[in-house]
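Have a look at the structure below before the remarks.
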Protein chains: 2
Amino acid sequence: MTEEERKRYFDIAMSSALVLFGFDGEDLKILIYRKKDEPYQNALSLPSKYVAPNETNEMIIREMLHERIGINPQNLYIEQLKAFVKVFRNPLGRVINVAYYALLKLTPEIEIQVAERGGVWVKYNDIPDLAFDHNEIVSYAKERIKRRVKRRPIGFNLLPKEFTIAQLQSLYEKALDRELDKRNFRKKIFNSNLIFETGNTTDPKEHRKIAKLYSFDAEKFERLSLKGYDFLF
Amino acid sequence: MTEEERKRYFDIAMSSALVLFGFDGEDLKILIYRKKDEPYQNALSLPSKYVAPNETNEMIIREMLHERIGINPQNLYIEQLKAFVKVFRNPLGRVINVAYYALLKLTPEIEIQVAERGGVWVKYNDIPDLAFDHNEIVSYAKERIKRRVKRRPIGFNLLPKEFTIAQLQSLYEKALDRELDKRNFRKKIFNSNLIFETGNTTDPKEHRKIAKLYSFDAEKFERLSLKGYDFLF
DNA sequence: ACAAAAGTGTTAGTGTTACACCCATGG
DNA sequence: CCATGGGTGTAACACTAACACTTTTGT
């Protein structure tokens, strides 16, 4: 490559947007912000950050989670969606966006931390107009999570360690965007043998009736995966 | 963004690699080349090309197909895989590769044209060591095509307009990398109602016994897709 | 005559769906 | 006493997987 060619080609910037799915036991939501700077000032947008040539994308995603969102990004499920490469995405020049999604269990504390930093959780099925091509990115993320939730037990990344079957079902219903039969759901989940009773129950103050709590048996899943087992919902 | 920041961030190049799947009625193959220039001189690699800031990736893929491979890229199924973004992919600087795959029906003429330009078809299950992270890209493409073939009738993009059930089955077996039962396969395919007899048969000179030829009913598929129909293999 | 590939049905088992009532508890 | 949400079984149906022989035709 000549010096001239180098100048011509090495003039692209990369950013990474994050579709952060959060589940609070009730609703599945996505995190967005209001942009403070140009371009698209004041528009809503996904959290997104430039990636310098010597930085890895995952590093930047984690940095963003930590600094701007106030979340500890350890043990978070993060996966690349794809690159969004339209030529005129950004008036500054060619900026391609390599988008990611991540899954987060929401707790009241996290919701407060996020709100303090200006973050807003919008419902999975109620996404407003966003800056750039971020609506396209969100659609793509929703498709991806629908597929993933059917074939891999990633839903457990959105739930606390111990959860009720009702919470799990609610999560699946939100992600797949359709209602599921209670009895059939329990059958399927228990047949998979991937969750076990913890012996604990919900706090009787919170609900009318106490419910058993379950956990995901990650170790068993590992063993089954090795044999080519396909968790299938 | 300050001028300094601009300099820092706008120093990335983008290339697009192509995993071109070809099916000749018998074998499913992938196209590779031997590199003539540095880096990785003389190594085998996927066809890949830089994308300038003002060029679209699909344009570049089509250009590559046309100029370097000698294929007319009209009506070709092309889809992005994802971005391969490791920091040290390329000694020239940060080059990210937004990889694509495409599907091609092979004919003897195309095979000759490709060979004249130095292209080599390697079998789906027999991929040699490739330059950069191209083996990783190929693995990713294989996973993608396995999934796609199960849910969308993209296999028909790899076959001539009229094909025998045996050819179709062979393609599915190669893509999914397992043997399928002949009778069950026919049942499934016919039950989908997405293919119809053309009334023609294979040339009796080519095989011991003549076979009926079928075509894919794209129009019917469109109608069904709109209703949320999921072609499922 | 035989090798090679096309074509054809049945059965057992598994998984999927649809569906309704009782129980415990808090208000 | 009633509203809320947890928990439970069964039957019809659809789909999947396993399996063997006959036909045609070229050599």
Side-chain angles (χ1 to χ4, degrees), chain A residues 24-27 149-151 153 159-160 162-174 176-215 224 228-233, chain B residues 24-27 146 149-151 159-160 162-174 176-215 224 228-233:
Chain A
D24 60 10
E26 185 115 353
D27 277 314
V149 118
K150 277 194 197 172
R151 321 207 124 254
L159 290 164
E162 306 199 354
F163 47 83
T164 66
I165 300 298
Q167 285 176 323
L168 185 61
Q169 180 175 347
S170 165
L171 170 58
Y172 271 75
E173 288 182 339
K174 296 285 157 33
L176 298 173
D177 200 15
R178 62 188 168 100
E179 298 205 337
L180 300 171
D181 180 273
K182 216 196 321 182
R183 277 174 289 191
N184 295 338
F185 183 81
R186 294 175 103 88
K187 241 181 294 172
K188 223 170 189 174
I189 290 292
F190 291 134
N191 280 344
S192 80
N193 268 343
L194 287 171
I195 71 167
F196 60 89
E197 280 189 41
T198 64
N200 302 325
T201 56
T202 48
D203 187 337
K205 279 158 208 148
E206 281 181 49
H207 297 284
R208 302 302 170 106
K209 192 175 170 182
I210 61 171
K212 290 183 191 167
L213 287 169
Y214 295 85
S215 265
L224 290 172
Y229 173 85
D230 222 6
F231 179 87
L232 189 57
F233 202 80
Chain B
D24 61 9
E26 183 115 355
D27 277 313
K146 269 189 201 177
V149 118
K150 277 193 197 173
R151 320 209 126 251
L159 290 165
E162 305 198 353
F163 48 83
T164 66
I165 299 298
Q167 285 176 322
L168 185 61
Q169 181 176 347
S170 165
L171 170 58
Y172 270 75
E173 288 182 338
K174 295 285 158 34
L176 298 173
D177 200 15
R178 63 188 168 100
E179 298 204 338
L180 300 171
D181 179 273
K182 215 199 315 186
R183 278 172 289 188
N184 294 338
F185 183 82
R186 296 174 102 88
K187 243 181 293 174
K188 222 167 186 175
I189 289 293
F190 291 133
N191 279 346
S192 80
N193 268 344
L194 287 171
I195 71 167
F196 60 90
E197 278 189 43
T198 64
N200 302 326
T201 56
T202 48
D203 187 336
K205 280 159 209 148
E206 280 181 50
H207 298 281
R208 300 305 170 104
K209 191 175 169 181
I210 59 171
K212 289 183 190 166
L213 287 168
Y214 295 84
S215 265
L224 289 172
Y229 173 86
D230 221 8
F231 178 88
L232 189 57
F233 201 80

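The figures that follow rest on heavy atoms only: side chains count, while hydrogens, waters and symmetry mates do not. Chain naming here is simple, since letters A, B, ... match the order of the sequence lines and numbering starts at 1 in each. These numbers come from a predicted model, not from an experiment.
- Per the geometry, CG belonging to N191(A) stands 11 Å off C1' belonging to dT14(C), to the nearest Å.
- Within 4.0 Å (heavy atoms only), I210(B) reaches sugar-phosphate atoms of the nucleic acid but no base atom.
- Taking the side chain to side chain contact (heavy atoms under 4.5 Å, CB included) definition, one finds that E162(A) meets it with T198(A), N200(A), L213(A), S215(A), sequence neighbours left out.
- Atom CZ of R178(A) is separated from atom C1' of dA18(C) by 14 Å (rounded to the nearest Å).
- In the interface, the side chain of K209(B) is not paired with the base of dA5(C) through any donor and acceptor atom under 3.5 Å apart.
- Considering only heavy atoms from C-beta on, L171(B) stays 4.5 Å or farther from V149(B) through its side chain.
- Taking atom CD of residue E26(B) and atom P of nucleotide dA4(C), one finds them 14 Å apart after rounding to whole Å.
- With a heavy-atom cut-off of 4.0 Å to chain A, the contacted part of DNA chain D has its first and last nucleotide at dA3(D) to dT10(D).
- Of all heavy-atom pairs spanning G25(B) and S170(B), the tightest one is O-OG, 4.2 Å.
- Each salt bridge (charged side-chain N to carboxylate O under 4.0 Å, His left out) pair with one or both residues in residues 181-196 of chain A, not counting sequence neighbours, would appear here, but there are none.
- By the salt bridge (charged side-chain N to carboxylate O under 4.0 Å, His left out) test, R151(B) is found to be paired with D230(B), residues two or more places apart in sequence or in another chain being considered.
- In this structure, Q169(B) and I189(B) have side chains that are not in contact, with every pair of non-hydrogen atoms separated by 4.5 Å or more.
- Of the residues in residues 180-187 of chain B, K182(B), R183(B), R186(B), K187(B) come within less than 4.0 Å of DNA chain C through at least one heavy atom, sorted by number.
- Closest approach of Y172(A) and L180(A) over heavy atoms only: CB-CD1, 3.8 Å.
- In this view, K212(B) and E197(B), Y214(B) satisfy the side chain to side chain contact (heavy atoms under 4.5 Å, CB included) rule, not counting sequence neighbours.
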